[in-house]
Protein chains: 2
Amino acid sequence: MKVSVVKNILAANDRIAQENRALFDKNNLVVFNLMSSPGAGKTSLLERTIDVLKNDLKIGVIEGDIQSSHDAERIAEKGIPVVQINTGGACHLDGNMIRDTFAEFDFNELDLLVVENVGNLVCPAEFQVGEDFKVMILSVTEGEDKPSKYPLMFRESKVLLINKIDLIPYLDCSLESFKKEALKVNPDLTVFEISCKTGEGLDAWCDWLRDQVKTRK
Amino acid sequence: MKVSVVKNILAANDRIAQENRALFDKNNLVVFNLMSSPGAGKTSLLERTIDVLKNDLKIGVIEGDIQSSHDAERIAEKGIPVVQINTGGACHLDGNMIRDTFAEFDFNELDLLVVENVGNLVCPAEFQVGEDFKVMILSVTEGEDKPSKYPLMFRESKVLLINKIDLIPYLDCSLESFKKEALKVNPDLTVFEISCKTGEGLDAWCDWLRDQVKTRK
């Protein structure tokens, strides 16, 4: 019984996600779903990415949080369109929540839409929202065992950003082993090593992202 | 419909959790539910705590992970009874999973049972497992906005352990503001500032925990 309920919920969500995707495609909009543990640096990454790309690309953001609008306020300061979703307890975004934001955007005016998911290394990976691809952040402070303990998100993601590399000298771990453990779970991951604090590695990520949008146009 | 399904699941879980609790009480067993984001230091805290308390208290551990048995192996090296639960995808433990481990323990031989939940700042706080109280860890690397963004876990916990304080000099934040933000959400929290790496603050936590068990006996 329990399994069949879960299957129905996932199937209903997939249908809505496909409809969202069709609308994004019609508008030539590249959409990615940004996921990580709480505090790994999703909003900081967006702030940095917007600073680099905002003259080249028209960017919009959907912020997902259980409650509060801190993150949307941080993004709004960059002068780009942003909508906050409060899930009211739910630990992930789904296709329906994303659809509910559409009236707030003019998709014709956007090149790139970023969906910042709820901070959670488990459930967000199970729910499509209509994205072209998933991007995840792993902070080096979380430890090298995360890919083997939370494999689904690593398997579902196209890009892995290893963040806070400025802290490596103060931790008992090596950057090489983070990368190795992640590629064991998903050998197809595109990996960038970054620090949203110092800015290291962000140009390579932004170049890659700009290419994704240009290829679509 | 969706809300009523969730309510039924929670009500069924609460009933099982109460039965677990009755069995723990009958055995004079203190039980706490340990929760945090992935990589905040739950297993490291247990290793350290067992080292300090194992001559005074007979401790058992239930390890919850989506998959893998890394954490149980780490705890088993300390020579204490440990059972690994693999949730197979579920993002939290529930009363039923805990009950399924009972055949593996001799509760007469234990003073303290620790349930290490799946790394997740959201769902574990919603599901009782029969614990006396909840303990959560927040790593300083996660940022000071976590209490206001993930309030339920802070509200449900009796104890907050602020971990990785050795990294404070390399971060743009103050220990004082972590504590302040957490107490805004739950003024009754007992707070310990610790580093599982350097050992700072662990004696105060272990003294507190020893008192909880002695009060019960």
Side-chain angles (χ1 to χ4, degrees), chain A residues 1-3 5-6 8-9 12 36-44 64-71 74 86-92 96 118-126 138-153 163-164 166-173 197, chain B residues 1-3 5-6 8-9 12 36-44 64-71 74 86-87 89-92 96 118-126 138-153 163-164 166-173 185 197:
Chain A
M1 268 305 273
K2 210 170 158 192
V3 172
V5 171
V6 170
N8 290 344
I9 291 172
S36 79
S37 294
K42 293 183 293 303
T43 313
S44 299
D65 283 292
I66 290 170
Q67 64 179 64
S68 90
S69 57
H70 302 179
D71 291 352
R74 285 170 64 184
N86 280 153
T87 67
C91 58
H92 61 271
N96 217 24
V118 178
N120 178 344
L121 216 46
V122 186
C123 313
E126 294 173 30
L138 177 66
S139 160
V140 294
T141 58
E142 294 176 59
E144 303 138 308
D145 58 353
K146 293 303 158 293
S148 64
K149 290 177 71 180
Y150 302 84
L152 184 67
M153 191 166 287
N163 191 20
K164 308 195 189 181
D166 56 291
L167 292 174
I168 283 281
Y170 315 112
L171 304 171
D172 300 322
C173 61
K197 186 171 176 184
Chain B
M1 268 301 273
K2 211 169 155 191
V3 172
V5 170
V6 170
N8 290 343
I9 290 172
S36 79
S37 293
K42 293 183 293 304
T43 313
S44 300
D65 282 292
I66 290 170
Q67 63 178 64
S68 89
S69 58
H70 301 179
D71 291 352
R74 286 170 62 184
N86 280 152
T87 67
C91 57
H92 61 270
N96 217 23
V118 178
N120 179 342
L121 216 49
V122 187
C123 313
E126 295 173 29
L138 177 66
S139 160
V140 294
T141 58
E142 293 175 61
E144 302 138 309
D145 58 352
K146 293 302 160 292
S148 64
K149 291 177 71 180
Y150 301 85
L152 184 66
M153 190 166 289
N163 191 22
K164 306 194 190 182
D166 56 292
L167 292 175
I168 284 280
Y170 315 112
L171 303 171
D172 300 322
C173 60
V185 172
K197 188 172 174 181

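In what follows, chains are A, B, ... by sequence order, proteins preceding strands, each numbered from 1.
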- What's the spacing between A:E144 CD and A:L138 CG if we round to 0.5 Å? 9.5 Å
- For the residue pair A:I66 and A:N86, establish whether any side-chain heavy-atom pair is separated by less than 4.5 Å. no
- Examine whether an atom of A:K149 lies under 4.5 Å from a heavy atom of chain B, and if so say whether it belongs to the side chain, the backbone or both; otherwise answer neither. both
- Item | Min side-chain heavy-atom separation B:L152-B:V122 under 4.5 Å | no
- Query: Quick one: of B:S139, B:S68, B:G119, who has the most non-hydrogen atom pairs under 4.5 Å with chain A?
  - Reply: B:G119
- Contacting moiety of A:L167, where chain B heavy atoms sit under 4.5 Å: side chain
- Note on the structure: Cut-off 4.5 Å, heavy atoms of chain B, and the answer for A:S148 is both
- Can you tell which of A:G143, A:P151, A:A90, A:A40 has the highest number of heavy-atom pairs within less than 4.5 Å of chain B? A:P151
- Query: Do the side chain of B:K164 and the main chain of A:T141 share a donor and acceptor less than 3.5 angstrom apart?
  - Reply: yes
- Answer yes or no: is there a side-chain heavy-atom contact under 4.5 Å between B:H70 and B:T43? no
